[in-house]
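I have placed the structure first, in the form of structure tokens, so that the comments after it can refer back to it.
Each chain gets a letter, A, B and so on, in the order its sequence line appears, and its residues count up from 1.
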Amino acid sequence: MRGKRYLCALKCTDMTIINTLQQAVSQAVETLYGAAVEAETIQVNTTPAEFTGDFTIVVFPMVKLARKAPDVVGAEIGAYLQERVPEVHQYNVIKGFLNLELTADFWQRFLLEEASTPEFGRQARKGEKVMVEYSSPNTNKPLHLGHVRNCLLGWSCSQILDAVGYDVIKVQVVNDRGVAICKSMLAWQKFGNGETPESSGKKGDHLVGDYYVLFEQKTKDEYADWQKSEAALAAYAGRQQQDQSEEAFFKAYKNKWFNEQSGLGAEVRDMLLRWEAGDPDTIALWKQLNSWVYAGFDATYAKMGVDFDKLYFESDTYLLGKDIVEDGLKKKVFYRKEDGSVWVDLSDAGYDEKVVLRADGTSVYITQDLGTARMRYKDFGCEQMIYVVADEQNYHFAVLFEVLRRLGEPYANGLHHLSYGLVELPTGRMKTREGTVVDADDLIEEVISIARGQAEEYGALEGVTAPEREDIFRQIGLGALKFFMIKVNPKRKMIFNPEESVDLQGQTGPYIQYSGVRINGLMQRVEQEGVDLTPAKAYTDFQPQEKELLKGLYEYPGIIQTAAAEYDPSHLANYCYNLAKSFHRFWHDLSVFNAADPEARAFRLELSRAVGQVLRSGMGLLGIEMPQKM
RNA sequence: GGCUCCGUAGCUUAAUGGAUAGAGCAUCUGACUACGGAUCAGAAGGUUAGAGGUUCGAGUCCUCUCGGAGUCACCA
């Protein structure tokens, strides 16, 4: 069971106030109405700000058992709780909602003993391993906007799973072989004149990507020339659909032409064959270009702040899966057709028949994934594997997981496709051929420079050294970009408009960072002036703005659990925003350092410290840094 | 066509079956001689695509309709 419970504070093995209330309500129903209600099923939420109270119990489900009106049931249970649970200070009932106000002592202890600890929100180690696969680029071109979303999701999910106690192994599959990289190789060989990243000053992945584009361009030129030839006219004359225009025909014909008539097509196929045969010169060329690409990728990953524990290379795994095919045949999960190809029939599960091994005995895409899954389990013994891959591959993963289940793989029930919507431009999907791809490096530079421009306008960093300033611009720019991408539900398709610069105001990363900067300012003064915080314990008359923050802090552990259970960091992003918003309001409405009495000052400082720590922790799980100044 | 997903203010979006659908941007109006104004407050903006149903209660679950996307390769 993967239940969602927002309100599951700190250590789940301990009794939390939520558990206490659930138990007490269950007893109340038993005592008052002689009916049994399982404690775990009782809904306890934090009370919305517009009502008085801290926690709210939904009494509707108990109404039928009691055979009384909702407000009567609420009042009776409320009275029972106030009597038996020391933490319950007061209660009120509105319709079917029982709002409970807890004692100041409860909140004091929560703030000072739980929320202030560095481990607040993190769970004990489970001793279970989870593998998260993300990024998984092709090596023929640099990373782009889509990879950015993928990396942020994958990396953040890894952190969140770690926080709830899993041992996480971050991996990527590097698609380093195949026709795509051969195109770059061929173009570089023919037209490159020995260009290297050193000679041209280009980043390696960009250099290789440029040759991929060049290959496509040269092919296009060749095709345009060919279209004037006798053979082309003959092909058009013999076309299937007589009403087809010449333009439409040649557009549709391009693949066939490339495979059968193009000179470059023949050359690139030849290169792929030589690669597969292990031709030393081809392998050397391949290694050379890929090494440039990896250096480029490493730089981009470092800038994004993501990393991996292990890399799987497709050149090592593309032949895998043959043994799993044999296994499947033995188990009668697969069957062989007359031509020798091997299939799996999933029509009873609502899918199609899928080929898992070609007639010539070579692997297809899914065969690699079957073999790789088994290899990973052997490598790490992970009970769960999460694949961060765009939603265009939903069907592929549904089939993959179904096949692994039928094969009885021990990890088959721990597989999850973290499917996310493609990032599109206002003009539609990004297309390499049309040059509309938003490059990851460019994008990162862009957001940093926006942050730089904005900061210079504010002029708040005057006493800061230049390198420190640059680091702050980087933190703000990346904070804005990361928050922008991660605050929306992963499965939602997202439109990115490069014309509209990334916002720094409102519901953004910098908004949250700014609340941290304010808190940091307070903490520095506490340090400098040696403020005594012990009077905090004597503060009991909480203001609504303070209560809002306390309730917000209380929700943090449950939010992490929800984010982990749903593999969805956006919950955490929205949580951080809401907490920062509450803090800004608190800051505006109440004096912290200049509070009227030492008790209020000490308490508000403690509260601010805890908020700052939770924000740093929560944003950290999203891969967003909190600058000291901005 | 089959299967899957999506449709919430002008735009971007939130909401474990629970209270008056919550924010941000954009628009308009206000707020520091007080801890940092990348802030705060207010106004305006919604038939949650539409129609039925289940439920004490539906943006959320079920059915149908409309609109959009993805996928249905011996490509990856």
Side-chain angles (χ1 to χ4, degrees), chain A residues 3-7 43 45 47-51 56 58-61 63-64 70 94-97 99 138 175 178-180 255 314 318 337 339-343 350-352 354-369 390-396 398-399 419 421-422 424 429 451 454-455 457-458 460 476 480 484 487-489 491-495 497 500 503-515 517-518 520-522 525 558 562 565-566 570-571 574 577-578 580-581 583-595 601 604-605 608 629-630:
Chain A
K4 293 181 206 167
R5 249 195 300 157
Y6 278 100
L7 297 177
Q43 284 182 66
N45 307 320
T47 307
E50 62 263 37
F51 302 98
T56 296
V58 184
V59 301
F60 286 110
V63 165
K64 236 182 266 172
I94 301 173
K95 298 199 232 171
F97 299 94
N99 300 317
N138 294 327
N175 300 112
V179 72
N255 256 339
E314 197 201 355
Y318 82 111
K337 283 194 179 174
D339 64 2
S341 59
V342 179
W343 294 72
Y351 307 122
D352 304 299
K354 297 288 292 184
V355 68
V356 294
L357 199 68
R358 292 193 186 100
D360 65 6
T362 58
S363 300
V364 292
Y365 184 51
I366 197 167
T367 324
Q368 287 181 47
D369 272 340
D391 62 9
E392 57 189 349
Q393 295 198 39
N394 284 355
Y395 183 74
H396 169 73
V399 168
S419 164
L422 290 175
E424 296 186 6
R429 288 170 78 151
Q454 185 75 254
E457 212 170 286
Y458 292 124
I476 296 170
F484 175 82
K487 75 177 179 185
V488 314
N489 188 315
K491 71 182 174 190
R492 193 181 270 274
K493 180 176 89 180
M494 109 184 236
I495 312 274
N497 190 346
E500 293 171 12
D503 278 336
L504 305 176
Q505 269 103 24
Q507 193 176 27
T508 65
Y511 174 97
I512 301 166
Q513 290 172 325
Y514 186 61
S515 62
V517 167
R518 284 178 151 174
N520 188 55
L522 291 174
R525 281 188 68 180
T562 304
E566 296 182 11
S570 72
H571 285 106
N574 288 308
Y577 170 71
N578 286 324
K581 189 173 165 62
F583 182 79
H584 281 307
R585 186 180 297 135
F586 159 83
W587 170 281
H588 178 268
D589 293 352
L590 305 171
S591 289
V592 179
F593 226 94
N594 306 324
R601 179 169 80 157
R604 287 173 192 167
L605 286 167
S608 301
K629 298 178 182 172
M630 61 192 281

Notebook entry, point to check: Going 5' to 3' along nucleotides 37-44 of chain B, which nucleotides have protein heavy atoms under 4.0 Å from the base (write B), which only from the sugar-phosphate (write S), and which from neither (write -)?
Noted result: SBSSS---

Checklist line | Per A:V517 side chain, nearest of listed nucleotides B:C35, B:G36, B:G18 | finding: B:G36

Check: Considering Watson-Crick and G-U wobble pairs with both distances under 3.5 Å, what does B:G10 pair with?
Finding: B:C25

Checklist line | A:Y511/A:Y514 aromatic ring centres below 6.0 Å | finding: no

Notebook entry, point to check: Under the 6.0 Å and 45° cation-pi test, does A:K354 pair with A:W343?
Noted result: no

Note to self: Please classify the nucleic acid contact of A:P48 as base, sugar-phosphate, or nothing, using heavy-atom distances under 4.0 Å.
What the structure shows: base

Note to self: I want to check one thing: is the phosphate of B:G70, taken as OP1 and OP2, less than 4.0 Å away from some side-chain N or O of A:R429?
What the structure shows: yes

Note to self: Could you check whether A:F97 and A:F51 have their ring centres less than 6.0 Å apart?
What the structure shows: no

Note to self: Both distances below 3.5 Å, Watson-Crick or wobble geometry, any strand: find the nucleotide opposite B:G57.
What the structure shows: none

Notebook entry, point to check: Does B:G2 have a Watson-Crick or wobble partner in any strand here, with both distances under 3.5 angstrom, and which is it?
Noted result: B:U71

Checklist line | Base-pairing mate for B:G30 - Watson-Crick or G-U, with both contacts under 3.5 Å | finding: B:C40

Notebook entry, point to check: Want to settle it: does A:V58 or A:V364 sit nearer the 5' end of RNA chain B, counting the closest nucleotide to each?
Noted result: A:V58

Next item on the list: Sort out the partner of B:G17 for me: Watson-Crick or G-U wobble, both distances under 3.5 Å, none otherwise.
Entry: none

Checklist line | Identified pairing partner of B:C64, criterion: Watson-Crick or G-U wobble below 3.5 Å | finding: B:G50

Note to self: Using a distance-only criterion (donor-acceptor N/O pair, under 3.5 Å, no hydrogens), is the base of B:U12 paired with the side chain of A:D503?
What the structure shows: no

